[in-house]
Amino acid sequence: MRLSRYFLPVLKQTPAEAQITSHRLMLRAGMLRQEAAGIYAWLPLGHRVLKKVEQIVREEMDRAGAIELLMPTLQLADLWRESGRYEAYGAEMLRITDRHERELLYGPTNEEMIAEIFRAYVHSYKELPKNLYHIQWKFRDEQRPRFGVMRGREFLMKDAYSFDVDEEKGRASYNQMFVAYLRLFARMGLKAIPMKAESGPIGGELSHEFIVLAQTGESAVFLDKRMLDLAVPGEDVDYRGDLSPIIEAWTRLYAATEDVHDADRYERETEAANRVTARGIEVGQTFFFGDKYSVPMKATVSGPDGVDRPVQMGSYGVGVSRLVGAIIEASHDEAGIIWPEPVAPFGVGIINLRVGDGACDEACETAYAALTAAGKEPLLDDTDERPGGKFAAMDLIGLPWQVIVGPRGLTERMVELKRRASGERRTLPLDEALKAICG
Ligand code: ATP
Ligand code: MG
């Protein structure tokens, strides 16, 4: 992408409305624009990151055997009356009436709809297990939308739903999602800690929240320090095998979230050995709730004995849009964002310090063509901005590599190569810089 043709409205001033780093940086880096409280337009740079995060989530769901579909944002109120949640959900649900006076709602989650789809087509245990997921916008009319994409009203969520014939198989499906979660957060450069959780309005007794540690997090967390050193399962993890040793290793040590207001408990927990207290951001939650929805919604399957039984369900959410903020909270410095490579909007920034200078233009075009061909998604700053502005903007948007091309260096056939994360700079010939980036 050539910056002169792109749409990157970088802000020089820090927007006053942003209270936390990630929100501030997303606004300054031209990623995001608020359209209403908790409702955002994702500008091109933000959109690229959102799509990368979404794709990592998708790949790990697919790897774990889940199957993607797409359910609508609008749902019929009557469907939610079947489960009893239409009234129970309260003011967080955005309720809508169409021209025929039919009651609709903007989905805050999809347990009811997926149970409705399931019961229409699946009737025998022989068709199980199944795990269906989608990545779709949700709406929750949060009392206090804040912190940008961290607590929006409209937000992008991946939600997966597992269906099994009995509880034991249901727990095996839960374990698959648990391991997939460990992998997908690690792929984004995040350390996410699973913590035993209350299941809240979703229901059921087995639940974990996945929490990224960050100063600005809304959850108070208490954990055994040794949690931080556990190894995340590699790409070779076999989801058909027994995953319980992995689950055991990741749930054996103490890790829990508590209500921040519960000050007493806060004090008491800190006294225990090896324990640290911190704050964190909930980036995902898993639930196994058995027949909580399948009973009222009559989603049954016949078992090996020919007798019908309610299907055993779990649900598994990841806050895709919240993750973009969480990654920034976990990875930034004074100058701006530091994207982990797998989610970076572009892989490399090429800075042309003197646009119009034949040698500079030529070197930049060579770099641009080579990096594009290598799949590195370069962003070429070919604007007339002053060098200081170009450096600041490139640091702010946080691409992993910078290739800096100026007339002085080129008289010696040299460019500068900068690593955004460490700040390390090297002066070297262009082809060597390209080699270093392409590996
Ligand atoms: P929270 O406790 O933060 O309100 P939740 O427990 O109500 O979240 P879940 O129903 O578990 O949320 O939804 C799954 C995931 O969706 C959460 O783990 C979180 O990452 C994300 N999420 C939930 N609410 C929001 C929101 N208002 N804005 C952005 N992401 C959200
Ligand atoms: Mg939750």
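Whatever order the structure lists them in is the order used to number ligands and atoms, beginning at 1.
Judged by distance alone, the side chain of D166 and the main-chain N or O of K169 form a donor-acceptor pair under 3.5 Å. Without hydrogens or angle criteria, K225 side chain to V276 main chain gives no donor-acceptor distance under 3.5 Å. Side-chain atoms of Y161 come within 3.5 Å of backbone atoms of N110 as a donor-acceptor pair (strictly under, hydrogens ignored). Using a distance-only test at 3.5 Å, with no hydrogens or angles considered, a donor-acceptor pair links the side chain of K390 to the main chain of N352.
Distances between N or O atoms of S321 and those of ligand 1 include no value under 3.5 Å. For the pair E282 and ligand 1, the shortest N or O to N or O distance falls below 3.5 Å. Between G152 and ligand 1, an N or O atom pair is found at a separation short of 3.5 Å.
Not a single heavy atom of R153 sits less than 4.0 Å from an atom of ligand 1. Ligand 1 lies nowhere less than 4.0 angstrom from a heavy atom belonging to T109. Using a 4.0 Å heavy-atom cutoff, V149 is listed among the residues neighbouring ligand 1.
Using cut-offs of 30° and 60° for the angle between ring planes, the Y174 and Y316 rings count as tilted.
Residue E142 touches ligand 1 through its side chain alone, judged by heavy-atom distances below 4.0 Å. Counting heavy atoms closer than 4.0 Å to ligand 1, residue R140 contributes side-chain atoms (C-beta onward) but none from N, CA, C or O.
The residue among M150, E218, R144, R146 with a heavy atom at the shortest distance from atom 29 (C) of ligand 1 is M150.
Below 4.0 Å from some heavy atom of M157 lie the following atoms of ligand 1, by number and element: 13 (O), 14 (C), 16 (O). The G319 neighbourhood of ligand 1 comprises atoms 15 (C), 16 (O), 20 (O), 21 (C), with distances under 4.0 Å to a heavy atom of that residue.
One finds no salt bridge joining E329 and R279 here, because no Lys/Arg side-chain nitrogen approaches an Asp/Glu carboxylate oxygen to under 4.0 Å. Taking 4.0 Å as the cut-off between side-chain N and carboxylate O, D333 and R420 count as a salt-bridged pair. The residues R119 and E82 are annotated as salt-bridged, a charged nitrogen and a carboxylate oxygen being separated by less than 4.0 angstrom. Between D308 and K298 no salt bridge is recorded (no basic side-chain N to carboxylate O distance below 4.0 Å).
R140 forms no cation-pi arrangement with F155, by the criterion of a distance under 6.0 Å to the ring centre and an angle within 45° of the ring axis.
For an aromatic pair to be called close, the ring centres must be under 6.0 Å apart, and Y6 with F346 satisfies this.
Annotation: protein N, O or S atoms under 2.8 Å of the Mg ion (ligand 2) (waters excluded) comprise E282 OE2, Q285 OE1.
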